[in-house]
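Just so you know, ligand 1 is whichever comes first in the structure, and atom 1 is the first atom listed for that ligand. Because the structure is a prediction, the values reported are computed rather than measured.
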Amino acid sequence: METVVVSLGGSVLAPGEPDAAFVKRLAAELRTLSESHRLFVVTGGGRIARAYIEAGRALGAAESFLDRLGIKVTRLNARILLAALGASSADEMPHTVEEAVTAGKSSRLVVMGGTTPGHTTDAVAAELAEAVRAVRLVNATSVDGVYTADPAKDATATRLDRVTFEDLIRLSGEAHRKAGPSIVFDPKAARIVAKASIPVAVVNGRDLEALRNAVLGRPFRGTLVN
Ligand code: UTP
């Protein structure tokens, strides 16, 4: 059975507030996909994490403290998805990549949030993808792929069907320096997938058809990084 890791942006689960109706449909889709694939889903923190990080920064908290605030929110989002999957309140989610690898031995669908300060959940997903020898990593985010320029600012921006690992590294920038949002993909994550040659499918996580096709390795609306 093929293993796929999904890095699920927090903004997908909670564009503003948590979107229960969407999370229910997403959970049903993930359940169906886990019948044919072993799935690991790493949830991000989205706008809520950003709001807490900004508040903490305004209060003078150190970067690692802010990262911990972010991690809490990623785990909060993981819990919302777990609620939709019918998990019991006593169920614990993995807090490390190692725990997730172990959980994957007895479950076809493992959900977790962040791990330690200094990176984003994209990096957690990339570390996990390498550890479980995933055939691909699906980056389910708030945009439907990688563009030639920022589509919000440049009307001529077009979506790229395929980019190389080198392009991804260039687009993702230097390193995670500050708690808070990354641009396309965490630079640490980009380097891990490039080194391990794990293809990445960038899709809009709210487009469940694109998400399904990307997980299954079929043609999808989005950008393939390989
Ligand atoms: P996210 O993974 O949601 O980061 O974690 P992001 O960049 O906002 O979202 P995506 O990946 O582009 O969708 C939110 C914040 O929580 C901290 C970081 O500060 C991150 O920016 N965090 C998260 C950690 O320090 N470690 C983790 O393992 C995960």
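- Nearest heavy-atom pair, A125 versus V5, reported as atom, atom and distance to 0.1 Å: O-CG1, 3.6 Å.
- Residue-ligand proximity, G44 to ligand 1, at heavy-atom distances under 4.0 Å covers atoms 3 (O).
- Those atoms of ligand 1 that come under 4.0 Å of a heavy atom in G118, given as number and element, are 25 (O).
- For ligand 1 and I71, the ligand atoms under 4.0 Å from any heavy atom of the residue are 16 (O), 22 (N), 23 (C), 24 (C), 25 (O), 26 (N), 27 (C), 29 (C).
- Below 4.0 Å from some heavy atom of P117 lie the following atoms of ligand 1, by number and element: 25 (O).
- The environment of CZ in F22 is crowded: more than 12 heavy-atom neighbours from other residues, nucleotides or ligands sit within 6.0 Å.
- For atom 5 (O) of ligand 1, the nearest non-hydrogen atom from the set T74, V124, L66 comes from T74.
- Remark: among candidates T116, D67, T121, the nearest residue to atom 26 (N) of ligand 1 is T116, based on non-hydrogen atoms.
- Shown are L26, D19, L211; of these, the side-chain contact (heavy atoms from CB on, under 4.5 Å) with R206 is made only by D19.
- Every atom of ligand 1 with a heavy atom of G114 under 4.0 Å away is listed here by number and element: 27 (C), 28 (O), 29 (C).
- Contact atoms of ligand 1 toward T115: 27 (C), 28 (O) (distance under 4.0 Å to a heavy atom of the residue).
- Set against the non-hydrogen atoms of G46, the atoms of ligand 1 under 4.0 Å away are 3 (O).
- Side-chain contact of T43 with N77: a donor-acceptor pair under 3.5 Å is absent, judged by distance alone.
- Side chains of T156 and D154: a donor on one and an acceptor on the other come within 3.5 Å.
- Between the side chains of S64 and D67, no donor N or O sits under 3.5 Å from an acceptor N or O.
- Distances shorter than 4.0 angstrom occur between a heavy atom of D122 and an atom of ligand 1.
- Interface atoms of ligand 1 facing R50, defined by a heavy-atom separation under 4.0 Å, are 8 (O).
- Ionic pairing of E29 and R212 is present here: one or more N-O contacts between side-chain nitrogen and carboxylate oxygen are shorter than 4.0 angstrom.
- By the 4.0 Å heavy-atom criterion, R68 is excluded from the residues contacting ligand 1.
- Between T96 and T115, the shortest heavy-atom contact is CA-CG2, 3.9 Å.
- Polar contact check, G9 against ligand 1: no nitrogen or oxygen pair lies under 3.5 Å apart.
- Look at E2 and R136 and you find a salt bridge, because one of the NZ, NE, NH1 or NH2 atoms lies within 4.0 Å of a carboxylate O, short of that distance.
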